[in-house]
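A short write-up of the structure that comes next.
The figures that follow rest on heavy atoms only: side chains count, while hydrogens, waters and symmetry mates do not.
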Amino acid sequence: MILDQPSEEKFKEWVKVWQEYAPKLKPNRRSGIEVARFILKKYKTEEIRDELIASGFARTVMMNSHQRCKLPEDTEPDPKIFKILNEGPGQKLYENKDEIFKEVKDIIVIIDISSGCYSVEGSSLLWDELCAYQGLDKDDLDNPVCVAEYVECMKKFGKMN
């Protein structure tokens with residue numbers, strides 16, 4: 001998860017990673033439904049029904065060209081909001097919060113079922129886990145930042161050398 005404005009050197013590192021790994025990777029992106037099922041299967045959650053948050057996330061998907069292109073044709077965003085409970089596997093997420101999230105009480109994940117786009121508040125570890133799980137599509141493979149983030153997340157979870 002990118003937590004701050006990247007430097008020019010950091011971007012150059014991403015380009016190097018992209019040049020090394022993109023030719024070896026194949027599109028393997030999982031859908032929004034698959035990402036939601038992954039979360040619901042692994043973590044104890046509580047669904048949050050908040051139309052204001054959901055509509056705000058839907059607008060974000062529609063205004064971001066990289067995210068909007070993930071929507072199937074003639075489909076609108078369909079965001080679902082979950083709070084990860086601080087029990088079972090979720091406890092590890094709460095125990096390993098980055099300094100930037102120490103004051104955030106709950107870990108919240110929003111998943112657009114239609115596009116697969118997601119947002120995580122309160123845990124960069126969960127964001128990284130979802131990035132590694134979801135994979136990349138053809139367009140992502142052309143993007144140095146997407147490939148570098150994916151490779152870093154895969155390595156973090158021992159799924160890539």
Cation-pi check, K97 onto F101 ring (under 6.0 Å, within 45° of axis): no
Evaluation steps, side-chain contact (heavy atoms from CB on, under 4.5 Å), between F38 and R30: CA-CA 10 Å; F38 172 80; R30 290 185 169 103; over 6 Å; no
Check against side-chain contact (heavy atoms from CB on, under 4.5 Å), K156 and D128: CA-CA 8 Å; K156 181 182 275 189; D128 292 347; 2.5 Å; yes
Distance (rounded to the nearest 0.5 Å) between M160 CE and L25 CG: 5.0 Å
Ionic contact status for E47 with K83, cut-off 4.0 Å: no
Separation between CZ of R29 and CG of L141, rounded to the nearest 0.5 Å: 11.0 Å
Whether over 12 other heavy atoms sit under 6.0 Å from E87 CD: yes
By side-chain contact (heavy atoms from CB on, under 4.5 Å) - contacts of N86 (at least two apart): Q91, Y94
Polar side-chain atom of D112 near backbone of D78 as donor-acceptor pair, under 3.5 Å: yes
No-hydrogen, no-angle side-chain donor-acceptor test under 3.5 Å, N143 and Y150: no
Audit row: E8, K12, salt bridge (charged side-chain N to carboxylate O under 4.0 Å, His left out) steps and yes/no: CA-CA 6 Å; E8 190 173 325; K12 286 178 182 177; 3.6 Å; yes
Worked verdict on F82 versus L40 for side-chain contact (heavy atoms from CB on, under 4.5 Å): CA-CA 9 Å; F82 301 99; L40 294 172; 3.6 Å; yes
Heavy-atom side-chain contact between Y118 and C131 under 4.5 Å: yes
Test item: I53 and I108 side chains (from C-beta on) under 4.5 Å apart, heavy atoms: no
Between CG on residue D139 and NE2 on residue H66, distance to nearest 0.5 Å: 7.5 Å
Closest non-hydrogen atom pair, A36 against I113: CB-CD1, 3.8 Å
Residues, nucleotides or ligands: over 12 heavy atoms within 6.0 Å of R37 CZ: no
CA sep, side-chain torsions, deciding dist, call: K10, E13, salt bridge (charged side-chain N to carboxylate O under 4.0 Å, His left out): CA-CA 5 Å; K10 184 65 174 174; E13 288 175 35; 3.8 Å; yes
Flag if over 12 foreign heavy atoms under 6.0 Å of NZ, K105: no
Contact check, side chains of E99 and K102, non-hydrogen atoms, under 4.5 Å: yes
Residues D140 and K138 bridged, charged N to O under 4.0 Å: no
